[in-house]
Structures are given as C-alpha cells and as structure tokens.
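Please read the structure below before turning to the comments.
FYI, side chains are in, hydrogens and waters are out, and symmetry mates aren't considered; it's all heavy atoms of this structure. Bear in mind the structure is a predicted one, so any value in this text is a computation, not a measurement.
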Amino acid sequence: MISKTAVVETSLIGNNTEIKDFVVIGADVILGNNVIIHPHVTIESGVVIGNGVEIFPGAYLGKEPKGAGATTRVLEFEKKIVIHDNCSIGPNSVIYYDVEIGRNTLIGDNASIREAVKVGEFCILSRGVTVNYNTCIGNHTKIMDLTHITGNCEIGDDVFISVLVATTNDRAIGKLGYEEERIQGPKISNKVAIGAGANILPGVHIGEGSVIAAASVVNKDVPPGKMVAGNPARVIKTISY
C-alpha cells in the first residue's frame, strides 16, 4: 500500500506495509512486514526497518552529520541505520546515520539521535530528548522529556533519567578544542535513577543502583547504592532494596 504521492526508490518492502502521502524513501532501504510510515517522512539510503515499526509524520532517518566548518571534532560515521522490530519513531524526530535502535523502543516527538549511537531494547527516549554522538544506552532504560545526553557517554540497563537532566563532557567548556581522550561524558551504571533537573558533569562515574536527587550537581564519582543530593552533590544515605 504505497501512496501515489510517495517517492519510493526501493523494492525491498515487506508484506502489509503502508507508505503514506509525500513520503520519500531512498534506494536500498529495507522495510519489514507490517510497517507504517506516515506522511512527510524521509528515509535515506542504507536504513533497515524491522517488522511492526511505526514512523510518524515528519521524521527524518539517515541525516548525514555536517560540520559546516564550525566543528573541531572529526565526523566519522557509517551510512547505515538499523531499527529493530516493533519500535515507534515519533513525529519530527531526527535519527542520524550510524545508529542502531533495539526492539520495542519508543522514540518520542522531536527527539534527536546523533551518529555512532546504540540504543537498547524496551527503551523510552521521550519528547525532545537529545542524544549526542558515540553514546551507548542499555536495555529497559527510560529518558524523560527535554533531557540531553552528551557525546561519549555510557548508560546501563534499567536506568531512569527524569526530565530536564543535563550531562556534559568537557570540563574546559570548549576552550581547549576537541581532544577525544579528554572529552568524556558520564558513565551511568545499571539501575541508576536521576531526578529532574540534575546536572551530571564530565567523566563522572555513577555506581550501580545509586540515586541522584532532583537539581543535584554531580561533580565527582558516586559509589554504588548511595543517594546523593545538593550542589555539589554529597552522599546523604545508603540505599537498601
């Protein structure tokens, strides 16, 4: 079921797949069975869409990173995207090349996922979430509205990150240019919970099962199983489950 107004350059389309009005799909795109692509979606060449995926209006899959002469980081990526079965890609979301999204994952409205990112299965990246380059997000992790995940970041399984959380990766705040070994985001272990408005500074390691209270500024490592709060964040108690 392909709309007459759609531009479809691939023949690799599964059964019961719907392509609606004004969709643009490049050559060599692979679409699984029971896929729904809503109006005004663009899918560039090299994208693989699994079974049962739904892509809502205005989404753009396969954006090529462009430095425009303004970035100091070298842009390295492969022209591929893999979206596994039963994912939902929200309206006006942008997924750059070199991204893999695990099955049963929800990408919310206006989300942005940069190159060299892997998102696990059964995850939520909610409305307006931004995930920067070279980041890995584990399974069953939820990241809520308007949170920013910085480049070179690691996030484990079963993590909950609330709204308006900021993570950063450069303690020099851009004054020393880009050096891969120095520009490092936080490492957030399994089963961590981070409250609304927290700020997690570069290179910080948050231990497994710890809790970051709302509006905390975390400037040093957090041991496993601890709750921290404040600016700067300090341990206020041990968590027992």
Side-chain angles (χ1 to χ4, degrees), residues 1-71 75-133 135 137 142-149:
M1 293 181 283
I2 301 176
S3 168
K4 293 180 179 179
T5 63
V7 177
V8 179
E9 297 179 358
T10 183
S11 60
L12 304 174
I13 301 172
N15 297 323
N16 301 316
T17 285
E18 300 180 40
I19 300 173
K20 299 191 176 182
D21 294 342
F22 305 109
V23 168
V24 177
I25 299 178
D28 302 320
V29 171
I30 300 175
L31 302 176
N33 301 322
N34 303 305
V35 172
I36 302 173
I37 302 176
H38 289 275
H40 299 284
V41 168
T42 298
I43 304 176
E44 300 286 4
S45 299
V47 177
V48 178
I49 306 292
N51 299 324
V53 171
E54 187 166 9
I55 304 174
F56 285 90
Y60 184 13
L61 280 63
K63 184 174 181 182
E64 185 172 338
K66 298 287 186 181
T71 62
L75 300 175
E76 298 179 338
F77 61 94
E78 294 184 57
K79 286 191 172 183
K80 66 174 186 179
I81 292 175
V82 179
I83 298 178
H84 291 280
D85 295 351
N86 302 315
C87 288
S88 178
I89 310 299
N92 302 311
S93 54
V94 179
I95 301 176
Y96 285 68
Y97 272 128
D98 205 1
V99 168
E100 181 176 0
I101 298 175
R103 64 190 178 97
N104 294 91
T105 285
L106 170 64
I107 306 299
D109 309 354
N110 299 298
S112 174
I113 304 175
R114 288 294 303 246
E115 67 277 9
V117 168
K118 183 174 183 179
V119 181
E121 58 185 34
F122 293 94
C123 291
I124 296 174
L125 273 58
S126 195
R127 290 170 293 183
V129 167
T130 54
V131 180
N132 222 331
Y133 59 91
T135 287
I137 298 171
K142 297 177 174 61
I143 303 175
M144 298 293 101
D145 297 9
L146 300 175
T147 282
H148 175 68
I149 304 301

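Looking at F56 and S93, their side chains never come closer than 4.5 Å, going by heavy atoms from C-beta outward. Using a 4.5 Å heavy-atom cutoff, the side chains of I19 and I13 are in contact. The shortest side-chain heavy-atom distance between H84 and E100 falls under the 4.5 Å cut-off. Here the side chains of V47 and I95 are not in contact, with every heavy-atom distance at 4.5 Å or above. Between I43 and T10, the closest side-chain pair of non-hydrogen atoms is not below 4.5 Å.
Taking all atoms of both residues into account, the shortest heavy-atom contact from L75 to K66 is CD1-C, 3.6 Å. Closest approach of L125 and V131 over heavy atoms only: CD2-CG2, 3.6 Å. Heavy atoms only, all atoms of each residue included: V129 and M144 are closest at CG2-O, 3.2 Å. Looking at every heavy atom in both residues, H148 comes nearest to T130 through ND1-OG1, 2.7 Å. The two residues E44 and Y60 have their closest heavy-atom pair at OE2-OH, 2.9 Å. Contact between S126 and A111 at its shortest, heavy atoms only, is O-CB, 4.2 Å.
D21 and S3 form a side-chain donor-acceptor contact under 3.5 Å, judged by distance and modelled atom types alone.
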Could you walk me through whether I113 and I101 satisfy the side-chain contact (heavy atoms from CB on, under 4.5 Å) test, starting with their C-alpha distance in whole Å, then the side-chain angles of each, then the deciding distance to 0.1 Å, before giving a yes or no? CA-CA 10 Å; I113 304 175; I101 298 175; 4.1 Å; yes
Report the C-alpha separation of I137 and K118 in whole Å, then their side-chain angles, then the decisive distance to 0.1 Å, and conclude whether the side-chain contact (heavy atoms from CB on, under 4.5 Å) test is met. CA-CA 6 Å; I137 298 171; K118 183 174 183 179; over 6 Å; no
Are N51 and D85 close enough, and set up right, to give a side-chain contact (heavy atoms from CB on, under 4.5 Å), and what steps lead you there? CA-CA 5 Å; N51 299 324; D85 295 351; 3.7 Å; yes
Could you please spell out the steps behind the side-chain contact (heavy atoms from CB on, under 4.5 Å) verdict for L31 and I37? CA-CA 10 Å; L31 302 176; I37 302 176; 4.0 Å; yes
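The CG atom of N132 lies 7.5 Å from the CD atom of E115; values are rounded to the nearest 0.5 Å. Taken to the nearest 0.5 Å, the OG1 atom of T105 stands 9.5 Å off from the NZ atom of K142. The line from OG1 of T42 to CG of L61 is 9.0 Å long, rounded to the nearest 0.5 Å. In this structure, CD1 in I30 is found 12.5 Å from CD1 in I25, a value given to the nearest 0.5 Å. Note that OG of S45 is 11.0 Å distant from CD1 of I81, once rounded to the nearest 0.5 Å. For the atom pair K20 NZ and H40 NE2, the distance stands at 12.5 Å (nearest 0.5 Å).
With T17 as reference, V35 is the one residue of I36, V35, N34 to meet the side chain to side chain contact (heavy atoms under 4.5 Å, CB included) rule. Under the side chain to side chain contact (heavy atoms under 4.5 Å, CB included) rule, I89 has a single partner from I49, L106, I107, which is I107.
Here R127 does not pair with D109 in a salt bridge; the nearest charged N to carboxylate O distance is not below 4.0 Å.
For R114 and Y133, the positive end is not near the middle of the six-membered ring at less than 6.0 Å and at most 45° from its axis.
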